[in-house]
Amino acid sequence: MSEEQLYSVSSSPHVHSGASIHGIMRDVVIAMVPTFIAAIIFFGLNALILTATCVISCVFFEYLSRRIMKRNNTINDLSAVITGVLLAFNLPPTFPIWMAVVGSFVAIVIAKQLFGGLGYNPFNPALAGRLFLFLSFAFAMSGDWTPWSYINTENIVATTSATPLGMLQESTGSIAFLSNNSNIMNMFLGKVNGCIGEVSALALILGGLYLLWRKVITWHIPVAYIGTVAVFATILYMIDPSTNASPLFHLFSGGLMLGAIFMATDMVTSPTDRSGMLVFGIGCGLLTMIIRKWGAYPEGVSFSIFIMNATTPLINRVCKPRVFGVKGKA
Amino acid sequence: MTASKNNTCKLEACVTQGSTCFQLVACHLRASSASPARRERSLRYLKTYGKRKVKMNFYIELVKGLWKENPIFRLMLGMCPTLAVTTSLQNGLGMGVATLFVLIGSNIVISMLRNVIPDKVRIPCYIVVIATFVTVIDLCMAAFTPELHKSLGIFIPLIVVNCIILGRAEAFASKNRVFVSIADAIGMGLGFTLSLAILGSLREVLGAGTITLWGSGLQVKTFLSKNPAVLLLLPPGGFMSLGLILGFINYMQDLKAKRLGKTYEPPVLNGCRHCIIACGQSTKPKEDK
Amino acid sequence: MIETVLTIIEPYLPIIKTVFAITCIGFGCSFALAIAAKFFEVKDDPRIGEVNELLPGANCGACGYAGCMDYAKAVVMDDAELNRCAPGGADLTATLAEYLGKTAEAAEKQVAIVLCMGTNDAAKCRFEYNGIADCRAAHLVGGGDKACTYGCLGYSSCATVCPTQAIEMVDGVAKVHPELCISCGKCVTACPRNLIKLVPEKNTVHILCSSNDKGPIVRKVCTKGCIGCTMCVKLTKEEESVFMDGFLAKIDYSKEVQNKVIVEKCPPKCIIDTTINN
Amino acid sequence: MNILKAKFKIHGGVHPKYRKELARDEETKRLPLPDILRISTTQHLGAPSKPVVKKGDYVKKYQLLAEAAGFISAPVHSPASGTIKDIVTGTGASGAPVTEIILETNNTSDAELTGVYPTDEWQKLSPETILNRIREAGVVGAGGAGFPTYVKLSPPPDKKIETLIINGAECEPYLTADYRLMLEHPECLIAGIQIICKVLNVTEAYIAIEDNKPEAIELLSKYLEDKKIENIKVSTLPTYYPQGAEKQQIYSITGREVPSGGLPADVGVLVENTGTTVAIYNAVIKDLPFIERTTTVSGYGIETPSNVIAPIGTPYQELIDFCGGAKDDVKKIISGGPMMGFAQATAETTTTKTTSGLLLLTAKEISQFESSPCISCGRCIAACPMNLMPAELSQFCEAEDFESAAANRVMDCMECGCCAFSCPAHRPLVQHFRTAKAFLRAQPKK
């Protein structure tokens with residue numbers, strides 16, 4: 001008996017649903033494919049190169065830092081790939097390659113591995129990388145770019161070099177133009193200037209639906225986030241349509257869709273309970289609109305998610321489900 | 001040889017600090033377990049620990065602040081000015097020198113008055129002494145280096161509550177003779193200045209692409225000045241660079257200990273049993289079974 | 001005359017005013033402090049603080065009090081025994097006795113010892129354990145994976161609670177470094193199998209087995225287990241320092257083992273003499 | 001039709017692969033009497049019973065082997081005639097040491113019963129007599145915990161039981177013993193329910209069955225209709241784990257929440273397992289003590305999965321051999337269901353009154369735990385039927401901060417395993433809670 005194969009003994013349960021971190025991350029990668037295709041369609045080779053750079057350097061830094069810290073290798077869980085893709089999605093198409101590598105370093109090493117790796121990072125690594133680049137290399141982050149220019153530069157009619165939100169901030173374009181239907185349609189499809197992964201709301205929503213179908217994310221954060229922005233923008237629009245853009249403009253401009261679907265729903269840095277997720281989403285929405293309306297920067301998605309990430313432990317503390325059989329607050 | 005000396009010094013440091021670093025002592029005992037003789041000596045220190053009778057040495061007191069008990073990199077004191085003013089080498093040096101001056105002055109006076117000051121009101125007394133010297137250096141800097149004074153701003157008056165100064169007054173000057181107190185002050189002050197200079201130059205090189213020693217006259221521009229990572233000049237950059245330096249120091253200590261065939265254990269006093277962040281250390285997979 | 005003085009000190013007047021004001025404030029404050037000290041004084045035996053200074057400050061709780069300060073209070077106020085502080089040892093007891101003008105007998109220094117030798121190659125496993133690497137958790141799952149139901153599980157729960165890191169896991173069995181042990185007894189309570197005992201330091205001969213099973217059963221699961229052959233008891237018949245408890249030989253720690261030949265004679269070699277083995 | 005659909009939906013729950021098809025259509029078979037039975041004296045929750053026989057004694061079938069040692073305890077009877085070989089300390093299914101009476105059987109039928117009552121005469125007995133008979137027969141909850149039924153059926157006088165629920169949900173994967181029992185012996189089950197109703201003076205009874213067992217639902221409702229029994233209804237529950245958990249089942253059917261730390265009697269409900277009900281029937285009507293039970297032997301590691309009636313004290317190896325033997329790639333032997341059962345180190349462990357299943361699982365079916373960090377995906381919180389926050393609790397447990405764990409109600413955890421089942425990081429959550437609960441229980445009450 002003793003020389004035979006011993007039976008395995010562990011605590012119950014003895015069966016498992018089969019879910020794994022790798023599987024979840026794989027689903028997220030799949031969900032990002034439509035956006036990636038959209039990015040290549042709108043920005044051409046630049047998008048491809050940028051994404052490849054970020055992914056490769058993120059995986060490389062992940063491997064290297066785990067190696068130096070003598071921890072087990074975690075590149076197989078694909079979280080570094082996701083960080084890379086998300087970081088690239090948050091960069092403008094003309095962004096210098098070396099800066100993208102620096103951003104990947106900050107994202108993986110400083111924001112993630114120095115905190116202990118996947119599961120311990122208080123902030124979304126891609127977001128941390130983006131904010132580092134945004135605050136450090138403000139000029140490069142607002143790089144001029146005209147969509148379709150890689151095909152034929154003469155076809156450009158209505159697009160200017162600034163992002164829609166940038167125009168709103170500087171009031172360079174008239175509010176009426178920004179809110180007109182064809183412009184909104186362009187923004188929905190992604191035919192505007194912006195970071196490579198944030199322009200096409202359509203592709204992002206497709207990815208989000210896939211994630212919902214695969215039960216990787218729940219509806220709470222995206223719906224609360226986008227809903228809050230919509231309500232906020234509607235109120236502003238109803239107060240004064242001449243100085244405020246339409247709610248649809250706010251929904252499809254900037255990184256809102258990308259943030260709400262892919263960044264805010266990052267499991268590690270968002271609350272765990274459903275009620276907490278709603279609070280988190282509403283907080284993100286409010287902060288985003290406050291920054292867009294009254295802040296110094298045209299876009300507030302990154303900042304708002306980053307700030308709400310910091311409040312996640314607090315939200316987790318407050319928003320707890322009512323324990324079965326316990327009357328009132330636990 | 002050097003290693004044993006190191007350990008002994010560390011032990012002495014623990015003992016003189018008078019803090020409850022029993023565990024630290026034990027850590028070093030484990031680290032020094034290679035040679036029985038060394039262990040024996042360490043154990044002797046452990047026994048005399050409660051009585052705290054260690055001879056003072058001017059040189060040891062002077063040198064310890066530079067590295068072994070560097071107030072910033074090893075003792076983590078005075079974080080507020082450290083993070084706030086080190087946006088350039090010049091600022092770091094200025095702050096360091098100002099602190100050095102206050103530290104020397106306050107250590108001398110407090111050490112002289114140590115038998116006069118009643119125990120219960122010692123903290124107000126220290127504050128008064130320190131505030132006097134801070135006022136002096138504040139006015140002097142305003143007069144002679146107005147630019148620097150302007151850029152350091154509120155942090156010069158805030159030296160009053162810098163815990164390095166108060167800490168040395170409380171932990172050292174109030175218990176020791178003037179002579180060694182001066183050595184302690186110089187060592188600690190220089191260590192502080194050195195750390196600020198390192199931190200300041202790092203942040204300036206990366207965040208602005210320059211190194212400023214004295215205004216725009218003594219300023220070197222590096223290739224980074226076109227595209228500097230401005231974030232490093234902002235407060236988060238201060239935290240990040242300080243954290244990276246601390247991590248690097250621990251890493252180097254670890255490598256050094258490995259070379260000597262030991263394991264380096266960072267000075268953790270309370271252990272991590274009560275830390276709520278489950279870092280997975282306590283549930284390492286079982287080895288070789 | 002006064003006018004001349006005034007003209008001389010005229011430029012210094014602000015300074016004089018300031019000094020005067022500060023002095024007044026200083027006096028006022030110190031007066032207030034003095035009054036406050038008188039009114040709000042908490043009667044406190046100054047000896048408590050000084051006794052606390054004498055204590056090692058490890059706050060290990062070996063004395064049975066909440067910490068060193070608590071023990072100092074108990075020593076001064078409640079006449080607690082002076083020999084309770086294990087880390088301080090006999091020296092401290094003497095110092096305290098001298099300081100407080102009392103007489104006290106130093107407690108014998110005790111060290112923890114793990115009564116098991118079932119290393120990875122000596123003891124067999126019953127099953128493959130898959131779960132938390134913690135003895136208490138492993139003990140709850142099927143009673144632990146070691147085939148011997150008495151033996152050390154080797155998941156280092158004792159080593160984790162040890163405040164001085166005196167316990168090391170060697171080959172799957174905990175081992176105490178006696179020179180680092182401060183006899184706080186934390187490991188004794190941490191061990192789910194009650195393998196760790198505090199024993200007087202002067203005893204150097206130990207029987208490192210806790211299995212109370214009959215010989216054949218022990219032999220089946222561990223090559224280093226006490227098989228209850230009673231040889232050591234017979235060899236130490238005169239001094240009566242070893243006795244049988246069921247099927248397990250135990251050292252009577254109130255006596256010292258003189259006949260150290262039992263270390264050599266023990267068939268499974270589970271008796272050790274620390275003076276020889278280390 | 002007397003089929004009721006459960007109205008209330010509990011929070012959480014999971015859908016494991018049920019794999020009931022392995023043994024669900026297997027007719028219950030009777031195990032030939034093994035040569036050696038090792039009867040544990042810890043067949044139930046509470047104090048182990050005290051052996052009244054000694055080594056060398058000759059015992060007859062149904063004879064008392066060990067008597068109840070205290071209020072919460074139950075007697076143990078001999079499942080066969082034979083000689084007591086020894087009384088030793090062995091290992092129980094949970095891994096804890098137990099006292100075992102080793103019985104060498106001789107396969108003669110010199111059984112003695114105190115007296116047999118005709119089936120219809122039990123109506124005339126007083127509730128006290130019935131209760132007494134249940135106690136003397138050593139009936140305990142057959143679902144898993146093994147709470148002595150006698151104690152359960154004597155609620156404190158200030159608590160009035162209004163509703164009786166017979167738990168036929170059998171939500172654990174693989175297990176089909178209760179299902180077979182319902183299909184094969186509906187008359188025993190219904191009579192058992194009527195006995196309990198009489199004892200407790202309850203008028204309303206439900207048989208709770210998950211809707212993945214339509215045959216059982218149909219058969220029982222038809223039986224009830226034919227016999228014109230009005231006060232017993234079949235209640236169908238949606239299929240998910242842990243539907244069979246007492247508190248969750250009460251909520252599903254009645255909408256009442258059993259208070260934390262309370263008993264079902266606090267909300268006027270009593271839940272009995274189907275196996276227990278049949279045992280009550282046997283005890284009261286046939287005067288048979290609880291000496292055997294139906295056990296499902298299943299899993300991909302066994303040649304022919306079956307439902308077997310085995311006497312208590314049967315070594316698992318006998319059951320495995322009876323079912324065609326184990327396959328080579330068996331990695332885990334589990335006593336009970338895969339979600340809450342105990343993994344066994346050997347097949348030497350013996351069955352008890354609570355052994356509802358014996359599973360031989362291959363490496364493909366079982367899960368491996370890792371202590372990788374929590375990625376706070378919240379799936380455990382979504383799955384927890386007690387609405388706890390397992391992710392947070394496990395971190396408290398990992399840091400050994402058991403006070404905080406208790407403050408966050410770790411004691412309300414029923415160890416159903418939903419959290420660990422759905423954890424993508426494969427964290428051993430339930431084990432953390434078990435350790436914490438064991439620690440907290442050992443602490444003196446403040």
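Naming: A, B, ... by sequence-line order, numbering from 1 per chain. Note that the structure is a prediction, hence the values are computed from the model and not measured.
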Among [options], residue most engaged with chain A (heavy-atom pairs, under 4.5 Å):
options: D:K247, D:K331, D:M340; result: D:K331
options: D:E365, D:R256, D:Q248, D:H426; result: D:H426
options: D:S260, D:P338, D:P16; result: D:P338

(message) I'd like to know if the side chain of A:H16 and the backbone of D:F369 have a donor-acceptor N/O pair within less than 3.5 Å.
(response)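 No; zero donor-acceptor contacts below 3.5 Å.
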
(message) Keeping A:S8 on the side-chain end and D:K332 on the backbone end, is there a donor-acceptor pair under 3.5 Å?
(response)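 Not at all, since once roles are kept as given, no pair shorter than 3.5 Å links the two residues.
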
Chain A contact via [X] - side chain, backbone, both or neither, heavy atoms under 4.5 Å:
X: D:I366; answer: both
X: D:Q431; answer: both
X: D:Q368; answer: side chain
X: D:A391; answer: neither
X: D:P259; answer: both
X: D:V258; answer: backbone
X: D:C374; answer: backbone
X: D:V330; answer: both

Let me confirm one number: the [atom1]-[atom2] distance from [X] to [Y], rounded to the nearest 0.5 Å.
X: A:K320; Y: D:N408; atom1: NZ; atom2: CG; value: 3.5 Å
X: A:D273; Y: D:E392; atom1: CG; atom2: CD; value: 10.5 Å
X: A:L118; Y: D:I375; atom1: CG; atom2: CD1; value: 6.0 Å

(request) Determine whether D:M339 and A:S12 make a side-chain contact, defined as any pair of heavy atoms from C-beta on separated by less than 4.5 Å. (result)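 The answer is no, as the side chains (C-beta and beyond) never meet within the 4.5 Å cut-off.
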
(message) side chain to side chain donor-acceptor pair (under 3.5 Å) for A:S17 and D:K17? Distances and angles first, verdict last.
(response) CA-CA 8 Å; A:S17 60; D:K17 288 200 178 74; over 6 Å; no

(request) Measure A:I24 against the heavy atoms of chain D and call it side chain, backbone, both or neither at under 4.5 Å. (result)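 For A:I24, the side chain is the part near chain D, not the backbone.
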
Donor-acceptor pairs under 3.5 Å, side chain of residues 379-387 of chain D to any protein atom, not counting sequence neighbours: which ones?
| from | atom 1 | to | atom 2 | distance (Å) |
| --- | --- | --- | --- | --- |
| D:R379 | NH2 | A:K215 | O | 3.3 |
| D:N387 | OD1 | D:H11 | ND1 | 2.6 |
| D:N387 | ND2 | A:R322 | O | 2.7 |

Just checking [X]: does its [atom1] atom have more than 12 heavy atoms from other residues, nucleotides or ligands closer to it than 6.0 angstrom?
X: A:K70; atom1: NZ; value: yes
X: A:Y63; atom1: OH; value: no
X: D:D328; atom1: CG; value: no

(message) Exactly one of D:H432, D:E415, D:R434 should register a side-chain hydrogen bond (donor to acceptor under 3.5 Å, both in side chains) with A:S11. Which one does?
(response)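 When D:H432, D:E415, D:R434 are each tested with A:S11, the side-chain hydrogen bond (donor to acceptor under 3.5 Å, both in side chains) holds only for D:R434.
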
Identify the two heavy atoms, one from [X] and one from [Y], that lie closest to each other, and give their separation to 0.1 Å.
X: A:P13; Y: D:V430; answer: CD-CG2, 3.8 Å
X: A:H14; Y: D:G341; answer: NE2-O, 2.8 Å
X: D:S422; Y: A:A19; answer: O-CB, 4.4 Å
X: A:V326; Y: D:E257; answer: N-OE1, 4.3 Å

(request) Would you please name every residue forming a salt bridge (Lys or Arg N to Asp or Glu O under 4.0 Å) with D:D266, sequence neighbours left out? (result)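 Salt bridge (Lys or Arg N to Asp or Glu O under 4.0 Å) list for D:D266, sorted by chain: D:K159.
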
(message) One pair to check against side chain to side chain contact (heavy atoms under 4.5 Å, CB included): A:V15 and D:S367. What are the steps and the verdict?
(response) CA-CA 5 Å; A:V15 288; D:S367 62; 5.8 Å; no

(request) Return the orientation label for the D:Y251 and A:F324 ring planes: parallel under 30°, perpendicular over 60°, tilted otherwise. (result)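 Rings of D:Y251 and A:F324: perpendicular, as their planes differ by over 60°.
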
